[in-house]
Amino acid sequence: MKTYPLKNDHRPRFRIPYEDVLNTAQYEAVTTVEGPILVIAGAGSGKTRTVTYRVARLIEAGISPEAILLLTFTRKASEEMLRRASTLLDHRCENVRGGTFHSFAYATLRRHAQELGYETGFTVLDRVDSEDIIGFLRGWMKLNTKERRFPRKRTIASIFSKAVNKGDTIEDIVFDDYPSFVQDIPDLVKLHEAYRMYKQKNGLMDYDDLLVNMQALLEKNNVIRTRLSGVHQYIMVDEYQDTNILQADIVKLLAETHHNLMVVGDDSQCIYGFRGANFGNIMDFPTIFPDTKVIKLEENYRSTQPILDLTNIIINRARQKYTKVLFTRKKSGVSPALIVARDERTQSRFVAQRILELRENGVPLGEMAVLFRSGFHSFDLEIELNRANVPFIKVGGFKFMETAHIKDVLAHMKILANPKDALSWHRVLTLLENVGPKAAQDISRQVITAQKGLAAISDVTPKPAYAKAFEHLKETLIALSQNPFRSVSDIGEKLIDYYRPLLERRFDNHPKRYKDLVQLIAIMERYGDLDKFLSDMALEPPNASVDSVMATDYEDEQLVLSTIHSAKGLEWDTVFVIWALEGRFPAIYAARSEEEMEEELRLMYVAASRAREHLYFAYPVNIYDRGTAMVLSRPSRFIDGISEDILEPWSLGGQEELDYLDW
DNA sequence: GTCACTGATCACATT
DNA sequence: GATCAGTGAC
């Protein structure tokens, strides 16, 4: 018998049946391995699915997981995608490099701090930290002692950040967005320079610096750029419509040597313009990479036809026309509803009652969400839900990590990690009775210039007025620094014991705040390393608000309350959009420019398109707006005047009788 | 000079 | 809730 030599089949064999589980466009995106790809992915079109399958596909095709870089908007998003990819294929997917631009920049810059003039590494400032520094500098420069009010530190921080993220000058930003401070431009420019110097001198970077320095490093240093580009051979970027110029540039530089870059986004869901996001990035992508393959995902798998009919109307109210038309095969469904409530209480009562009814009808609590424009819009509803015993988690709005009592505890930990941290010293010292800004600065300067770490605290001779309190602080810190084997949570517990009396003196509502500290310990328990804990808390803090940080741990069914910004990329069976009131949503500020108003519209589109089956818009009437001295009673312009067979008006019966029961 | 306290004023969204 | 200017006490 003759043996015929069959050649080895070098084509990879794929375990996952991509053809069967993906539509044509998705398949195209998933199986294109090389070259630049732009995926325009409409709401609910299976974007996450596409990215997930592509990760699996690349690895199945033999690409090393370490060569893949997945940049997403939140850490949760990349974790989720990689987890799903692992389920599809195998654990190799866990080795893919995933995270936010900021965390990627942080990790990279840590290794190259010297090239940037940061001699011994750096610490990341969160928003509150950078505001505090700006506050000090403003005081030292005597800018707040004029007759006219100088902008608040918070406003100043916004101006600085916008300038960086939009690539504009301070002057441009003030003229466009803060016209009332035009006279202060020279001082703001000086302050900005002082802020820059201060960060440089003290080894600090704020969020914006991470991007700026990353971009600068890649652009200026050919060796590093080429090496990083070589390491990250396959790059994927999610939510590309919400990247700013710096981020787009970072991606471009990283992909320089290979152009294996897939960006995914939806121009009609760009909602971070205030942060410099520019959906022009999507439009320009094919120009920057001329051989780009453009793929559009237009089949919506999420929403029913009645919901899609409405979201299409909303997005078509934009002046800017967008690039795609969505369709769905889920033809049947109930119409979205529009509910007018006579006041905020009634709106809350409606939502709570309807949620309980839907749960009775079999919709799990975890499949329902209430969305709103601004964090505080849910306060009244939270009270109502507590009363009705509906468990919920709130996402967005005020951050757990940014509350004063949490920052106080973290400041003590930061001192242990880095005794040169002047900002934390200041915070820790001014907590002591009879220690104010002046004494705090004298002490922290003495400790830091001594150059002998925490030990220098023993050389300080405190004034009698605060000697006792200071001794206590000293003993606590030294005791903790002498045992390097303590766990993060152990350190945390000891510090909270120390801090508790100070907390009680500082805050009237200390019992509530103390509970937060107990929750903080639970978070610490997930960490073995103090530095890692601290950098995570700055870079990727839990997104849930104060009361619900821990709630995520037990996975019981919970209603989700969320700002629309934080609801990006998510979906639920049932969505309530509350405060759909002209003057609140769109917010009054948006009337300033057409661009901002367009962004508000896209935000409404994002909110509405989160829903699969049930969608409700509610708004209260007769709301007095202090800023404008107007009474708000109209529905949001984005959903006003839509025919009743698309958006069905509901009127609430029995409002009068019920009303007095609660008051 | 320094610190603690008070009451008016302001507050959109986030890494 | 946090900020900030103004006030009085030491």
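The basis for the numbers below is simple: all heavy atoms, side chains too, and nothing from hydrogens, waters or symmetry mates. Order of the sequence lines sets the chain letters (A, B, ...), proteins ahead of strands, with each chain counted from 1.
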Is there ring stacking between Phe274(A) and dA13(B), where the centres must be under 5.5 angstrom apart and the planes under 30 degrees? yes

Whether over 12 other heavy atoms sit under 6.0 Å from Arg505(A) CZ: yes

OP1 or OP2 of dA11(B) under 4.0 Å from side-chain N/O of Arg152(A): no

If you only use heavy atoms from C-beta on, which nucleotide in dC12(B), dT2(B), dA4(B) is closest to the side chain of Glu433(A)? dA4(B)

Upstream residue (5' side of DNA chain B) when Ala590(A) and Leu432(A) are each assigned their closest nucleotide: Leu432(A)

Quick check for you: among dG1(C), dT15(B), dT14(B), whose closest atom lies nearest to any side-chain atom of Tyr207(A)? dT15(B)

For a quick check of understanding: with a heavy-atom distance under 4.0 Å over all strands, which category does Glu540(A) fall into, base, sugar-phosphate or nothing? nothing

Quick one: label Phe101(A) by what it contacts on the DNA or RNA (base, sugar-phosphate, nothing), any heavy atom closer than 4.0 Å. nothing

If the cut-off is 4.0 Å, is Lys438(A) near the phosphate of dG1(B), judged by side-chain N/O to OP1 or OP2? no

Does dC12(B) have Tyr589(A) stacked on its base, where the ring centres are within less than 5.5 Å and the planes differ by under 30°? yes

Is the Lys NZ or Arg CZ of Arg317(A) less than 6.0 Å from the centre of Phe638(A)'s six-membered ring, within 45° of the axis? no

Salt bridge check: are Lys162(A) and Asp168(A) linked by an N-O gap of less than 4.0 Å? no

Separation of Lys162(A) atom NZ from dA13(B) atom P, in whole Å? 13 Å

Picking from dT14(B), dC12(B), dG1(C), which would you name as closest to the side chain of Glu596(A)? dC12(B)

Over all strands shown, is Ser103(A) touching base, sugar-phosphate only, or nothing at heavy-atom distances under 4.0 angstrom? nothing

In whole angstroms, how far is the P atom of dT14(B) from the NZ atom of Lys568(A)? 11 Å

Within 45° of the ring axis of Tyr195(A) and under 6.0 Å from its six-membered ring centre, is that where the NZ or CZ of Lys199(A) lies? yes

Does the side chain of Thr563(A) get closer than 4.0 angstrom to OP1 or OP2 of dC12(B) through an N or O atom? no

CG of Asn244(A) versus P of dT15(B): gap in Å, rounded? 14 Å

Could you tell me whether Ala439(A) contacts a base, only the sugar-phosphate backbone, or nothing, with contacts defined as non-hydrogen atoms closer than 4.0 Å? sugar-phosphate

What's the closest nucleotide to the side chain of Thr100(A) if the choices are dC3(B), dT15(B), dA13(B)? dT15(B)

Side-chain contact check for Phe507(A): nearest option of dA2(C), dA4(B), dG1(C) is dA2(C)

Mind checking if Arg506(A) touches a base, just sugar-phosphate, or nothing, with heavy atoms under 4.0 Å? nothing

If we call it a pair only when both distances are under 3.5 Å in a Watson-Crick or G-U wobble match, what pairs with dA9(C)? dT2(B)

What is the distance, to the nearest angstrom, from the CG atom on Asp132(A) to the C1' atom on dA2(C)? 11 Å

Nearest-angstrom distance from the residue atom CD1 of Ile443(A) to C1' of dT2(B): 13 Å

Are Asp640(A) and Arg637(A) close enough, and set up right, to give a salt bridge (Lys or Arg N to Asp or Glu O under 4.0 Å), and what steps lead you there? CA-CA 5 Å; Asp640(A) 196 16; Arg637(A) 67 178 73 183; over 6 Å; no

Can you check the Met604(A) CE to dC12(B) C1' distance for me, whole Å? 14 Å

Taken to the nearest whole Å, CG/Asp208(A) to C1'/dT14(B) is 11 Å

Looking only at the aromatic ring of each residue, does the gap between the centers of Tyr106(A) and Phe122(A) stay below 6.0 angstrom? yes

Using purine N1 to pyrimidine N3 plus N6-O4 or O6-N4 for Watson-Crick, or N1-O2 and O6-N3 for G-U wobble, both under 3.5 Å, which nucleotide pairs with dT3(C)? dA8(B)

Report the distance from atom CG of Asp442(A) to atom C1' of dC3(B), rounded to the nearest whole Å. 14 Å

